[in-house]
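Working notes for the structure below.
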Amino acid sequence: MFGTGLLKGLGVTLKHFTDTFTDDRRKEPSRYEGSIKLDDGRRIIDQPITQEGLLTIQYPEERRLLPERFRYIPMLLWDTEIGEDRCTACGICAKVCPPQCIWIVRDSDENGKPITRPAEFYIDVAVCMSCSFCAEFCPFDAIKMNHDYELAVYDRYPQLVYDKEELTVPLEYYAALWPTQFAEEQAHRAKEKEEELRRNEEKKRAAAAKAQAKAAGVAEAGDGAAKPKRSKEELDALKAQAAAKAAAKKEGGADAGAVETGNAEAPVAEDAEAAAKRARLEELKRKAAEKAAQRKKEGGA
Ligand code: SF4
Ligand code: SF4
């Protein structure tokens with residue numbers, strides 16, 4: 001029949017309306033159970049959303065307790081443990097921000113050299129779409145999502161362009177808003193620190209073992225004391241000395257060689273001559289003896 005669907009839809013709306021009414025009446029005595037009363041008299045209600053009806057929160061006198069993962073606009077963390085901003089002005093958040101509503105100016109030292117700290121940090125919260133990309137991509141856990149959604153102001157500029165001062169909150173504030181995530185991050189950081197300490201210890205031990213092995217090797221080679229390193233001037237002077245010595249040796253070596261050669265050849269020549277002399281003498285002696293024998297023989301005859 002025409003209009004049946006329409007009537008069914010209206011029936012659902014009516015059911016929610018009546019359920020919400022009876023739910024509110026039923027919950028009235030325990031309405032503020034577990035709620036937080038603020039200094040200005042307002043209350044933060046912590047009631048589960050029922051299946052039957054809708055819990056009516058009397059905003060602004062009452063507000064709902066937000067779940068941990070609720071996010072609105074980003075906030076910058078001031079690390080109270082080290083007493084400085086966690087942000088290093090790396091610019092990753094500005095790059096990944098889809099509507100490009102982050103501006104960062106990096107700080108510099110007295111010589112104009114850039115340093116890892118933001119001098120200025122702006123977020124146009126009227127443009128921010130609460131996507132949380134900046135918080136997800138920040139490598140230093142420096143930017144997180146705030147729960148504060150009551151940002152109504154009269155003017156767009158400059159009230160809705162938040163500067164560094166407006167964005168910065170202490171670490172404890174973040175810990176109170178995001179207790180589970182904060183605890184997980186702290187545990188992770190502690191683990192990383194422990195790992196870094198272990199690696200440093202290992203490096204130190206390896207360096208000590210290397211130095212010990214080197215010292216033992218030098219001692220074995222019989223040269224316990226390390227030779228002092230010569231300066232460049234000393235080395236040049238030594239080289240010049242060695243070159244001069246080599247040149248002198250070369251010059252004197254030619255003369256010395258000749259003397260040596262003469263000395264070596266002279267005895268050989270002397271010996272040959274003497275031997276020849278001796279041989280001739282022997283020959284003459286033999287001939288003289290033969291003649292004397294012949295004369296004796298002739299005289300006897
Ligand atoms: S908030 Fe994080 S990502 Fe953004 S500039 Fe700072 S350190 Fe880099
Ligand atoms: S939450 Fe999203 S839109 Fe907002 S500043 Fe971060 S990255 Fe940009």
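Ligands are counted one by one from 1 in listed order, and the atoms in each one are counted from 1 as well.
Atom CZ of R117 and atom OG of S108 lie 9.0 Å apart (nearest 0.5 Å). We find the NZ-CH2 distance between K144 and W178 to be 8.5 Å, quoted to the nearest 0.5 Å.
Within a 6.0 Å radius of CD in E195, other residues, nucleotides and ligands contribute more than 12 heavy atoms. Within a 6.0 Å radius of OH in Y149, other residues, nucleotides and ligands contribute more than 12 heavy atoms. Annotation for F70: atom CZ counts as buried by contact number, over 12 foreign heavy atoms lying within 6.0 Å. Within 6.0 Å of CD in Q212 there are 12 or fewer heavy atoms belonging to other residues, nucleotides or ligands.
Proximity of A135 to ligand 2, defined as any heavy-atom pair under 4.0 Å, is not found for any part of the residue. Contacts with ligand 2 closer than 4.0 Å are made by side-chain heavy atoms of I102 only, the backbone lying farther away.
Inside a sphere of radius 2.8 Å centred on atom 8 (Fe) of ligand 1, the protein N/O/S atoms present are C90 SG.
Under the rule for a side chain to side chain contact (heavy atoms under 4.5 Å, CB included), the partners of D155 that lie at least two apart in sequence or sit in another chain are Q159.
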Listed pairs under 3.5 Å, donor-acceptor, residues 81-98 side chains, sequence neighbours left out:
from : atom 1 : to   : atom 2 : distance (Å)
D85  : OD2    : K164 : NZ     : 3.1
R86  : NE     : D79  : OD2    : 3.1
R86  : NH1    : D141 : O      : 3.1

What donor-acceptor contacts under 3.5 angstrom involve side-chain atoms of residues 120-130, with partners at least two apart or in another chain?
from : atom 1 : to   : atom 2 : distance (Å)
E120 : OE1    : Y122 : OH     : 3.0
D124 : OD1    : A126 : N      : 3.2
D124 : OD1    : R156 : NH1    : 2.9
D124 : OD1    : R156 : NH2    : 3.4
D124 : OD2    : R156 : NH1    : 3.3
D124 : OD2    : R156 : NH2    : 2.8
S130 : OG     : Y72  : O      : 2.6

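For ligand 2 and P99, the ligand atoms under 4.0 Å from any heavy atom of the residue are 3 (S). Close approach to P74 involves these atoms of ligand 2, each under 4.0 Å from a residue heavy atom: 5 (S), 6 (Fe). For ligand 2, the atoms lying closer than 4.0 Å to a non-hydrogen atom of M129 are 3 (S), 4 (Fe). Applying the 4.0 Å criterion to heavy atoms of C101 picks out, from ligand 2, the atoms 5 (S), 8 (Fe).
Checked for salt-bridge contact, D19 and K15 meet the test: a charged N lies under 4.0 Å from a carboxylate O.
Taken together through direct or relayed side-chain contacts under 4.5 Å among Ile, Leu, Val, Met, Phe, Trp and Tyr, L151 and I102 form part of one hydrophobic cluster.
Residue nearest to atom 1 (S) of ligand 2, selected from S132, P98, C97: S132 (by heavy-atom distance).
Nearest to atom 4 (Fe) of ligand 2 among the protein's heavy atoms is C128 SG, 2.3 Å. Annotation: atom 6 (Fe) of ligand 2 to nearest protein heavy atom, C134 SG, 2.4 Å. Nearest non-hydrogen protein atom to atom 2 (Fe) of ligand 2 is C131 SG, 2.2 Å.
Residue contacts with ligand 2 include M145, since one or more of its heavy atoms lies under 4.0 Å from the ligand.
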